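First comes the structure, then the notes that go with it.
Just so it is clear, the structure is predicted and the values come from calculations on it, not from any experiment.
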Protein chains: 2
Amino acid sequence: MRFHSPSIQYFHAVRRTGSIRAAARLLNVASSAVSRQILKLEREVGSPLFERTARGLTLTTVGEMLARHVMNVLQDLDRFRSDVASLSGAWHGTISIACIESLTESVLPDLIASHRSRAKRVSFTTEVMGSSDVLEALRRGEADIGIAIALRHPPDLRQVALKRFRLGALVAREHPLARRKTVTLEQCLAFPVIQALPELSIYHLLQPLIAQLSETPEPAILANSIDLMRELAARGVGVAFQTQLGIIRLSRDAQLVFLPLDNAGSPVWSDLGIYVRAERTLPAFTDSFLQELVRELGERERRESAAYPHVT
Amino acid sequence: MRFHSPSIQYFHAVRRTGSIRAAARLLNVASSAVSRQILKLEREVGSPLFERTARGLTLTTVGEMLARHVMNVLQDLDRFRSDVASLSGAWHGTISIACIESLTESVLPDLIASHRSRAKRVSFTTEVMGSSDVLEALRRGEADIGIAIALRHPPDLRQVALKRFRLGALVAREHPLARRKTVTLEQCLAFPVIQALPELSIYHLLQPLIAQLSETPEPAILANSIDLMRELAARGVGVAFQTQLGIIRLSRDAQLVFLPLDNAGSPVWSDLGIYVRAERTLPAFTDSFLQELVRELGERERRESAAYPHVT
DNA sequence: CAGGTTGCTGCCGTTTCGGCAACAGCTATA
DNA sequence: TATAGCTGTTGCCGAAACGGCAGCAACCTG
C-alpha cells in the first residue's frame, strides 16, 4: 500500500534525519537515489528545499512548507490505512504519546492498562519530556497526542481540552505542616523546600510568587524530576510542590500529604492541556483513546474540586 | 510541481467522471493507462475501489475511504502551492463558492466586488443551488466555501459560523399589509400568497407553521426562485416570504416592504450556516475571504436585530 | 442486428528509478 | 599538516514502471 511517490517519503526521511545518507540507511536504498529525488523535488517546486551545510541539511522556508504538506499527507495516509483495516474487524495500531512527568504516576498507566484490557491490538509509545518539547514533538509528527502545561500553543496545534489542577505542597505525614488543610507559600518557606529547576513548569508557576515575597527560601534541594521530588518529600527532607495528579497512589497509602496552596487567598492553578496537530484527522482507534483521556482528566479535575472546594 | 503518483490523480479523475475513458479524455492520456493505474491501486490496497457496472464505475466503501484521503491530499497540495506562490508576493488563485439563492442579490456581489478591488488576482467561481446540494458540493470537493440553510451538517463539514435572520413577509408598497410593523402568518394568509416549492428551504420553515393553522392558504402562485418571488411581490401579485437578505437594494428603493413574521409572539428564524470541509486547511487567500464573509454576515445580522428588536 | 458504449489486456518504445563507483568539499583527529 | 571519515553529487547501466496503440469481450441502445 505505497501509492505515493517515493520522493515525498524520501523527503520526509531526510527532514527527520537531517542527512541524505542517514535517510538512505533508514530507507534501505542507495544515498544517490535519495539525493536524486530531493534534487528532482527542488526542480519541480522551483526552489531549494534544504540548505546544504558541511554536515547535513536544514530546511529552508519553502522546505518547511513542503514538510507540513508531506506530514499532512503521510499522517492522513496512516489514518486511511487504519480505516481500511478496521473495516475488516482488525482494530490495531500504535498510539504515540508525548507528555510531562506528572502523568506517569497514575493517570497514564491506569488509562493505558484499562484501554489495553479492552483493545489488545492497540499498542502505545509514550515519551516523557518538558512541556515545550511536547508541543515540538507534536509539530514534528513524532507524537499523536501531547499532554503539557497549557502554554500559548502554536496555531498548528489544537488544544483538545484544558483541565486545571491545584498546585499544592507535598509533605511527609510527620511534617509539622501535615495537619493543615491548606498552606500558603510563606508557611512552606519556613521549612526546607525542594525546588524545581527551570526546566520544570512548576518553576515558572512558583517563581513569580516567590519573587513577590520578602524572604528568600532556605536553600535545600534543586531537582528536575517530579519523581525524585516526591520521594524526597516522602522521606521528610522538605516541602515539594506539585499537582495532586502525581501522588494519588502514595497519598492513598498515607505516606504523603497533599496541601493545596493558597496565594493571597486564591488557589494556584496548574493548567494541563491536551494537544493534537490541528491539520490532521486521527485514526479511529487513536481518537477513541483521546476521548477517554479527556474524560479521565475531566473526572480527576471534578474529583479534586469536590475534595478541595474553592470560590471562584 | 507534480510530485504525487499519477495513480491518485487518475483515481480522482475517475471518481469525478465515473468512467475510466472519460477520465482518460480529461487527463489527455490513453484509457489503458488509467485502467492500469486503477487496477494497480486496487492491488495495493488489497480491495476493489470501484464497482464495475455496464456504464461506468461506482465507488465501493473502501473506494470512498480512499477518495476522502485523495481529496485531502490534493486539496492540501493546492494550499501548499498557493503558500509557495504567496511567498514570492503573488497572491492569486480561485475561490469556489456554493451558496443558496438568498445571497445573490446583495451579500455576495457586494463582498466579491469589494474583495476584488483589493486583491485583483483572486478570481471567483460561484454556483447557486439548494442547501443540501451546497453541502454535497463541499463534500465532493467541488467548492471551497458553502453557504446554506443550517441543517444538520455531516461530520466531515465544519460550520464556520451560524447567523440567524428573521423570516418575513414581502409585499409591495401599496399592499394593505404594508403599513404594519410586523405581521403574523394568519394575517398574510388572508391575501394571495406566493408559496415556495419544497426544493426551497423556506418551504420547510413555513410548512409546519401553516399546518398548525385551521385555514389553508388561498392558492396563488408556487415558485422555486427567490428572485421570481421577489419580483412578483413587487408587482403586487401577492405576499412572498423571505429573509431580508435578498431584498436590501429593493427595499431601499421603497418598492418592496419587508415585514418581520411573528408566530405565537416569537420571531421565525432562518439560520444561515457557513461551511467548509473539516479535513482541510484553506489557502491563505481563501481563508482571508472567508473571514470577510463571516464578518459581513455578522454585521448584517447585527443591523437587522437593531432594526427589528425582539425579546429572546 | 449494427453501432455505439464500457473496461481490460498483449505488445513495445520511452521514461524513470535505483545501485555502484568515483568525485569534490568539508571536519575532526592524529 | 596529513589522513581518515564524513558529507552531497554525478556518470554509467540494468531493471522496473509508464504510456500509447490496437484489439478483445461484454453491455446498452437504437
Can you tell me the distance, in whole Å, between the [atom1] atom of [X] and the [atom2] atom of [N]?
{"X": "Gln9(B)", "N": "dC18(D)", "atom1": "CD", "atom2": "C1'", "value": "14 Å"}
{"X": "Ile8(A)", "N": "dC17(C)", "atom1": "CD1", "atom2": "C1'", "value": "16 Å"}
{"X": "Glu44(A)", "N": "dT15(C)", "atom1": "CD", "atom2": "C1'", "value": "14 Å"}
{"X": "Phe50(A)", "N": "dT7(D)", "atom1": "CZ", "atom2": "P", "value": "15 Å"}
{"X": "Arg21(A)", "N": "dT10(D)", "atom1": "CZ", "atom2": "C1'", "value": "12 Å"}
{"X": "Arg43(A)", "N": "dT9(D)", "atom1": "CZ", "atom2": "P", "value": "12 Å"}
{"X": "Arg52(A)", "N": "dT10(D)", "atom1": "CZ", "atom2": "C1'", "value": "14 Å"}

Stepwise, does the side-chain contact (heavy atoms from CB on, under 4.5 Å) test hold for Val160(A) with Tyr275(A)?
CA-CA 6 Å; Val160(A) 180; Tyr275(A) 299 93; over 6 Å; no

Using a heavy-atom cut-off of 4.0 Å across all strands, would you classify Thr53(B) as base, sugar-phosphate, or nothing?
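No contact.
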
Indicate yes or no: at least one non-hydrogen side-chain atom of Glu127(A) is less than 4.5 angstrom from one of Glu142(A).
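No, side chains not in contact.
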
Is there side-chain contact between Leu41(A) and Leu66(A), with at least one heavy-atom pair below 4.5 Å?
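The answer is yes; the side chains approach within 4.5 Å.
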
Would you say Ser31(A) places a side-chain N or O within less than 4.0 Å of OP1 or OP2 belonging to dT9(D)?
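For Ser31(A), the contact criterion (side-chain N or O under 4.0 Å from OP1 or OP2 of dT9(D)) is not met.
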
For a quick test of reading the model: is some side-chain N or O of Tyr10(A) closer than 4.0 Å to OP1 or OP2 of dG18(C)?
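Yes, because at least one side-chain N or O of Tyr10(A) sits under 4.0 Å from OP1 or OP2 of dG18(C).
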
Would you sort out whether Leu293(B) and Ile97(B) count as a side-chain contact (heavy atoms from CB on, under 4.5 Å), showing the intermediate values?
CA-CA 11 Å; Leu293(B) 174 63; Ile97(B) 302 173; 6.0 Å; no

So that I know where these two stand, are Phe289(A) and Phe124(A) an aromatic pair - ring centroids less than 6.0 Å apart?
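Yes, close enough.
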
Between the base of dC21(D) and the side chain of Ser32(B), is one N or O donor paired with an acceptor at under 3.5 angstrom?
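Result: at least one qualifying N/O pair found.
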
When Asp156(A) is tested against each of Arg68(A), Arg277(A), Arg280(A), Arg139(A) for side-chain hydrogen bond (donor to acceptor under 3.5 Å, both in side chains), which residue passes?
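Testing Asp156(A) for a side-chain hydrogen bond (donor to acceptor under 3.5 Å, both in side chains) against Arg68(A), Arg277(A), Arg280(A), Arg139(A) leaves exactly one candidate, Arg139(A).
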
Side chain of Pro6(B): nearest nucleotide among dG20(D), dG19(D), dG8(D)?
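Closest nucleotide to the Pro6(B) side chain: dG19(D).
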
Can you tell me which nucleotide in dG7(C), dG19(D), dG8(D) comes closest to the side chain of Leu57(B)?
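Out of dG7(C), dG19(D), dG8(D), the nucleotide with an atom closest to Leu57(B)'s side chain is dG7(C).
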
Report yes or no: does Ser35(B) contribute a side-chain atom to a donor-acceptor pair with the main-chain N or O of Ser31(B) at less than 3.5 Å?
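Not confirmed, Ser35(B) side chain does not pair with Ser31(B) backbone.
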
Interface with DNA chain C, restricted to residues 33-42 of chain B and to heavy atoms under 4.0 Å
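Going residue by residue through residues 33-42 of chain B, the ones with a heavy atom under 4.0 Å of DNA chain C turn out to be Ser35(B), Arg36(B), Leu39(B).
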
